[in-house]
Amino acid sequence: MTHNGSYWFDSLEAPYAQAAPMPLPAAVDVAIIGGGYTGLWTAHYLNELNPSLKIAVLEAETFGFGASGRNGGWCMGTAHGVDALLAQPESRGAGLTLARAMQATVDEIGQVAKSLGIDCHFKKGGNLTVATQAFQVPQLQAELEHLRELGFSEDDYVWLPAGEAQQRVQMQHNYGALFTPHCAAIHPARLVRGLAASLAARGVDCVALTRVREIKPGLVRTDRGEVRAKTILRATEGYTGTLKGQQRRVLPIYSMMVATEPLPSAVWQQIGLSNRETFGDPRRVVIYGQRTQDNRLAFGGRAGYFYGSKIKQTIALKDPGPQAVAATLRQLFPILNDYQITHGWGGPLGVNRHWRPCVSFDAKTGIGAAGGYVGEGVAASNLAARMLSDLVLNRATEITQLPWVNDHARGWEIEPFRYIGAKTLQYCAERADADEARLGKPAGLWASLFDAVVD
Ligand SMILES: Cc1cc2nc3c(=O)[nH]c(=O)nc-3n(C[C@H](O)[C@H](O)[C@H](O)COP(=O)(O)OP(=O)(O)OC[C@H]3O[C@@H](n4cnc5c(N)ncnc54)[C@H](O)[C@@H]3O)c2cc1C
């Protein structure tokens, strides 16, 4: 299995398939499990900081097969859990430092990609959270006020009144939007594939088609043999449960996407997004969209969880998830009823039990990990990779003082409780969104239940 089913993989210029995996190294200094952004950025920074390290990145399928090669391409200057830190007086200071570090990470990714010659269609056009219902206007304005109180300026967040917001994006309903410049649209697969190619050119062993079965201090056991390594770093996100002994560590939640055919300029004149702004709205079942560099609309939404943390390697356009996302897209932009949706896919993202990322390293065992981005890992994985590299090299830096470091979560519940919990949460979110859409006012009970768990 090498194609992940996404439009992004379909549009890669170079063939994504690898004829045969390279030989497995017998011993390395650092073995990284997982060839997505987390694994590859970690290899990148370790190689930069200490070029003499022998590093191998071991990937079960092909580089970018997972979420990194399928996502919505929102390279966003925030991360899941930052809001919760900002909300509490005792964690506000750390939350602000983390928020600023995330904002800077968007530029870091743009600059490093450029310096490595990776054309990942990076365009920092910002992000619009559109009030698609009138009652969301005061809610988003209150959020803006809260952000101002925290010290974020007009360079970070502004309110766009309806007229201005509609010029940015003409949706079926647009009552105004909260805008932040701290977000770039990217072609996610070009970034992840470019990183792998750049690392291979620098002498990092990028070994595809090699599934790791088990990690022990000093040893990685794969389906092709063993690799000895002083340092072993797990970067397997939503797939973590496939490793021996890790079944309860990360919850794989699915997100689904679709992409339209390239749309004519007359359509874009109506829709807008002339600066390739990314966009969504405040609903709980998160939606996200971007105008691609080749003028398609790529759009996604969170979907759900499969019993037993089952991983579906690919999802097809005809499957219920992408079909539901396509219907939402057409509701938001009725003009798209006249145009084809050519691609539909989905994939697992990773959620830690405490709903925030964790970056950990145990110098005694030499084992570390990073992930649990709750579907917001395009930029966060870069910051996490820098933290992990600093921890491995025993560098006490500003970022190793940030909240994610060694912030371990307990394991998820066993089945069927995990399934019941995940499905209940999904039900609350869907019910709250549906009630709000129907009644045009904030949902009560379902929303409170959902917010209480997720926040
Ligand atoms: C549909 C979708 C849309 C998303 N949209 C956005 C977005 O717009 N913005 C945003 O910020 N985030 C988004 N996300 C989340 C984001 O893509 C992820 O947080 C991020 O890519 C995580 O990177 P990663 O390297 O940690 O994990 P992954 O990219 O999932 O990489 C893990 C890799 O490990 C490999 N692997 C697994 N098990 C093994 C094993 N046993 N041995 C060897 N290799 C193994 C997998 O094949 C995979 O390639 C989205 C996710 C999905 C699924």
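All residue numbers in this chain count up from 1 along the given sequence. Computed from a predicted model, the values in this text were never measured in an experiment. Both counts, for ligands and for their atoms, begin at 1 and track the order of listing.
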For this session: Could you say whether the N/O atoms of Tyr37 and ligand 1 ever approach to under 3.5 Å?
Result: yes
Exercise. Out of Met256, Glu59, Met76, whose heavy atom is nearest to atom 49 (O) of ligand 1?
Worked result: Glu59
Exercise. Can Glu413 and Arg418 be counted as an ion pair, charged N to O under 4.0 angstrom?
Worked result: no
Exercise. Does a side-chain heavy-atom distance below 4.5 Å link Gln323 with Leu317?
Worked result: yes
Seminar exercise, completed: For Leu58, the ligand 1 atoms with a heavy-atom partner under 4.0 Å come out as 43 (C), 44 (N)
Exercise. Does ligand 1 have any atom sitting under 4.0 Å from a heavy atom of Gly371?
Worked result: no
For this session: On the 0 to 90° scale, with breaks at 30° and 60°, tag the Trp8-Trp345 ring pair as parallel, tilted or perpendicular.
Result: perpendicular
For this session: Fit a plane to each ring of Trp404 and Tyr373, take the angle between them on a 0 to 90° scale, and name the class: parallel (under 30°), tilted (30 to 60°) or perpendicular (over 60°).
Result: perpendicular
For this session: From atom 52 (C) of ligand 1, work out which of Ala379, Ser255, Ala384 has a heavy atom at the shortest distance.
Result: Ser255
For this session: Under 4.0 Å from a heavy atom of Glu376: give me the atoms of ligand 1 that qualify, with their elements.
Result: 10 (C), 11 (O), 12 (N)
Problem set entry | Check: Tyr427 side chain, Ala422 main-chain N or O, donor-acceptor pair, under 3.5 Å | no
For this session: Would you please indicate yes or no on a ring centroid separation below 6.0 angstrom for Phe279 and Phe333?
Result: yes
For this session: Write out all pairs satisfying salt bridge (Lys or Arg N to Asp or Glu O under 4.0 Å) with one or both partners inside residues 225-234, taking only residues at least two apart or from two chains.
Result: Arg221-Glu226
For this session: Could you say whether the N/O atoms of Arg211 and ligand 1 ever approach to under 3.5 Å?
Result: no
Exercise. Judged by non-hydrogen atoms, does Thr210 sit under 4.0 Å from ligand 1?
Worked result: yes
Exercise. Do the charged groups of Lys124 and Asp107 touch, with an N to O distance under 4.0 Å?
Worked result: yes
For this session: Taking only heavy atoms of Gly72 into account, list the atoms of ligand 1 that are under 4.0 Å away from them.
Result: 3 (C), 4 (C), 5 (N), 6 (C), 7 (C), 8 (O)
For this session: State which residues pass salt bridge (Lys or Arg N to Asp or Glu O under 4.0 Å) with Asp390; sequence neighbours excluded, sorted by chain then number.
Result: Arg395
For this session: Go through ligand 1 atom by atom and flag the ones less than 4.0 Å from a non-hydrogen atom of Gly347.
Result: 53 (C)
Exercise. Which ligand 1 atoms does Tyr239 reach within 4.0 Å, using its non-hydrogen atoms?
Worked result: 30 (O), 37 (C), 38 (N), 46 (C)
For this session: Report the part of Ser381 in contact with ligand 1, treating N, CA, C, O as backbone and CB onward as side chain, heavy atoms under 4.0 Å; options are side chain, backbone, both, neither.
Result: neither
Exercise. Gly73 heavy atoms, cut-off 4.0 Å: which ligand 1 atoms fall inside?
Worked result: 8 (O)
Problem set entry | Sub-3.5 Å N/O-N/O distance, Trp74 and ligand 1 | yes
Exercise. In terms of side-chain geometry, is the basic nitrogen of Asp433 or Arg284 positioned less than 4.0 Å from the acidic oxygen of its partner?
Worked result: yes
Exercise. For Gly66, is at least one N or O under 3.5 Å away from an N or O on ligand 1?
Worked result: yes
Problem set entry | Salt bridge present between Arg211 and Glu59 (N-O < 4.0 angstrom) | no
Exercise. Ligand 1 versus Tyr288, non-hydrogen atoms closer than 4.0 Å: side chain, backbone, both, neither?
Worked result: side chain
Exercise. Is the closest basic N to carboxylate O distance between Lys54 and Asp205 below 4.0 Å?
Worked result: yes
Problem set entry | Contact atoms of ligand 1, heavy-atom distance to Leu243 under 4.0 Å | 41 (N)
Problem set entry | Ion pair check, Arg291 and Glu277, cut-off under 4.0 Å | no
Exercise. Among protein heavy atoms, which sits nearest to atom 11 (O) of ligand 1, and what does the distance come to when rounded to 0.1 Å?
Worked result: Val378 N, 2.9 Å
Exercise. In the protein, which heavy atom is nearest to atom 43 (C) of ligand 1, and how far is it?
Worked result: Ala60 N, 3.2 Å
Exercise. Nearest protein heavy atom to atom 12 (N) of ligand 1, by residue and atom, and its distance?
Worked result: Gly375 O, 3.0 Å
Exercise. In ligand 1, which numbered atoms sit nearer than 4.0 Å to a non-hydrogen atom of Arg70?
Worked result: 1 (C)
Problem set entry | Top protein contact for atom 36 (N) of ligand 1, by heavy-atom distance | Thr236 CG2, 4.0 Å
Seminar exercise, completed: Short version for Thr242: what comes under 4.0 Å of ligand 1, heavy atoms counted, is side chain
Problem set entry | Residues Arg100 and Asp156 bridged, charged N to O under 4.0 Å | yes
Exercise. Strictly under 6.0 Å, is that where the ring centroids of Phe179 and Tyr157 end up?
Worked result: no
For this session: Specify the protein heavy atom at minimum distance from atom 34 (O) of ligand 1: its residue, its atom name, and the distance to 0.1 Å.
Result: Gly34 CA, 3.3 Å
Exercise. How far is atom 30 (O) of ligand 1 from its nearest protein heavy atom, and which residue and atom name does that atom have?
Worked result: Ala67 N, 3.1 Å
For this session: Provide, to 0.1 Å, the distance between atom 4 (C) of ligand 1 and the closest protein heavy atom, together with that atom's residue and name.
Result: Asn71 CB, 3.1 Å
Seminar exercise, completed: Checking Asn352, Val374, Leu349 against His80 for side-chain contact (heavy atoms from CB on, under 4.5 Å), the one that qualifies is Val374
For this session: Measure from atom 24 (P) of ligand 1 to every heavy atom in Thr278, Ile33, Thr38 and give the option owning the shortest one.
Result: Thr38
For this session: May I ask you to identify, for Cys75, whether its side chain, its backbone, both or neither come under 4.0 Å of ligand 1 on a heavy-atom basis?
Result: neither
